[in-house]
Structures are given as C-alpha cells and as structure tokens.
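Take a look at the structure below.
Just so you know, ligand 1 is whichever comes first in the structure, and atom 1 is the first atom listed for that ligand. Everything quoted here is computed from the prediction, not taken from an experiment.
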Amino acid sequence: MGPRVLVVGSINMDLIVQCGRLPDQGETIHGDALHTAPGGKGANQAVSCSRLGASTTVVGRVGDDHFGPRLRAGLSSEGINVESMRVDPNIASGVALILLEEDGRNRIIVLPGANARMGDDDSSAATALLPNADVVLMPLEVPLPVVKAVAAAARACGVRSVLDAAPVSPEAAAAGLPALVDIISPNQTEAEDLTGLPVHDLDSARAAARRLVEMGARDVVIKLGEQGSYWLGEHGEHHAPAFAVQPVDTTAAGDAFTGCLAVSLAEGMPMPDAMRRANAAGALACLKLGAQPSMPTAAAVEAFLRESSPRHDA
Ligand code: RIB
C-alpha cells in the first residue's frame, strides 16, 4: 500500500483560453480555443498523489452549481476519498480563468467561490483524519485560518505537513507560516513575497531559503522552474537541476512537483532523490493541456527518469 496523503485545499474548474499572445490593455483579440478542465491547487495535488500510488483523501468545498458534481465525481474517479468534501449551497464552485500563451506560459485569475467558505468545520474534519495520514498537503488557495489550524493539529499529532505556498497574499506572508509547517515549498515569486528578497538564481534562492529558515522553517524547497529546485533544511542542502521539455501548458507543474515530493518523502526517499523525481513530475505536467489531466502516473515518472537527463546549464 502507498503512503496515506491528506490534502486540505482548493477545488476549481479551469476555463482555459488558448491565445497566441495576451491582449494589451484596452485591446480585443481573438483566442484560438476554449477548454474546461478540472483544477484547483488542492485538487491537482490530490490527483498527483493518487496517480503516484498514494491513498489520498481531500477536504475541500465545491458549490451546488453544475461544476460542483463534476469536480467531485472527477476526484472520486481518480480513486480519491471525497467523503469529507462538502457541496456548499447557494454559491458557485471555484473557477480559474487561465490565459494560455503559445509557449505554454499562463496567467491565472481565480474566483474562489466555495473554497472561500472553508472554515472551522473543514479544519475539524481534517484534524479528525490526521491520525490516518502519513502526510498532509496544503496550498494557500483556501482561508488562512484553516491552513493554520490544520498545520497546528498536524504538528501536535506528529504528522508531516507540506505547505505549497501558493498564492502568497500579504496576509499570508505576515502570518508566520514558515514556522508552522515541516516543509514549505514556494516558487521563485512566492519565496520573494515571503522573504522580501529577490530570487532569480541559485545563490539568491539559497539566501531566501536561509531567511525562511531564520523565520522558523525546518525544510525549504524552492521551485525554480527551468533552474530546477533547491532544498535547504535541518539535514543539508541540495540543488536538483530541471529536465528540459518543450512545454504545452505549464499550469499545475508546481502542483505535480509538490504532490510528487510529498509522496516520495512519505515513501521514505531521501530529499535529493525526491526532488529529482518531483522535477520529473513537474516537467511531465507541462506536456499536456489542463491541470488535472496532466498529472503523471508513477509509471510515467519512472519511464521519464529512465529516458531523460537533467539540464546541465542550470
Ligand atoms: O496551480 C494551478 C491551479 O491554479 C489551476 O488549476 C487553477 O485552478 C489555480 O488554482
């Protein structure tokens, strides 16, 4: 049996507009295609964990609109336990508007909908599930008090907590999050927002990670995109170079990374190996359109690792 993962986080329907370029202010342009795909950082990470073989449970909320049942059924069809997911009446499900450029880069606007209604009931539900979890994963797309309460409960019962620090609001940056969790994993801009330091290369990532450790973090894993990932923690540091791919859609590459990192560590893998595997999962997620559709299986990650070498220039 794989590790047991609890995900407390957001569930969205992604509306993806493929366009050759982004419009300038006040400009109207034609898009190329519209797609819908299930997303939301919490749900994406849950799908990532489940496809990697983890026994996965989600705590989150959708609305009672036409997206809600589709999102719930989609997660259930992935083998994810959705019994603690709530369908909230009289509110829309979370929706993300994603502008996807030809080079695979995106810009995302999230309308939180039911995700913003998460509260004490959800943190209590998550806390009750913690004794049956090896690791709890939380992104920041749900109200901060929920994240803080679950992180505190996880620490109290000795369950490893992983915070995907996305998206960082000023409120989240000021909330002392690094000290509340076992592993904090921001990307470059999130590391900048959390520390106030610029992050553009390995040296600046190391400086930001040191600052996060000074702020109370135990293990910091910074996602550096084409420069791979960098870890600084109680037991060492490591840079894992990225794998070069031609991206179709970079949406949720970070979710694939975080899900794979959490599962690999829970399986007992040392951090450097877990980072290499998570870089591979992130690279694979860039090769397909859509967030949840692009989360790789364990077999796909292993095949990619056998066939690919990391970049040498990063
Ligand atoms: O991390 C990617 C996700 O961010 C998308 O699926 C979108 O829903 C937003 O939450």
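Near ligand 1, N12, D14, G39, G40, K41, N44, A96, V110, E141, T251, A252, D255, A291 each place a heavy atom less than 4.0 angstrom from the ligand.
Applying the ring pair (Phe, Tyr, Trp, His ring centres under 6.0 Å) criterion to F304, with sequence neighbours excluded, gives F243. Partners of R51 by side chain to side chain donor-acceptor pair (under 3.5 Å), not counting sequence neighbours, listed by chain and number: E78.
Look at R218 and D182 and you find a salt bridge, because one of the NZ, NE, NH1 or NH2 atoms lies within 4.0 Å of a carboxylate O, short of that distance.
Rounding to the nearest 0.5 Å gives a distance of 8.0 Å between CG of L202 and OG of S204.
Counting Ile, Leu, Val, Met, Phe, Trp and Tyr side chains that sit under 4.5 Å apart, directly or through other members, I16 shares a hydrophobic cluster with I98, L100, I108, V110, L289.
One N or O on the side chain of D64 and one on the backbone of N90 form a donor-acceptor pair closer than 3.5 Å.
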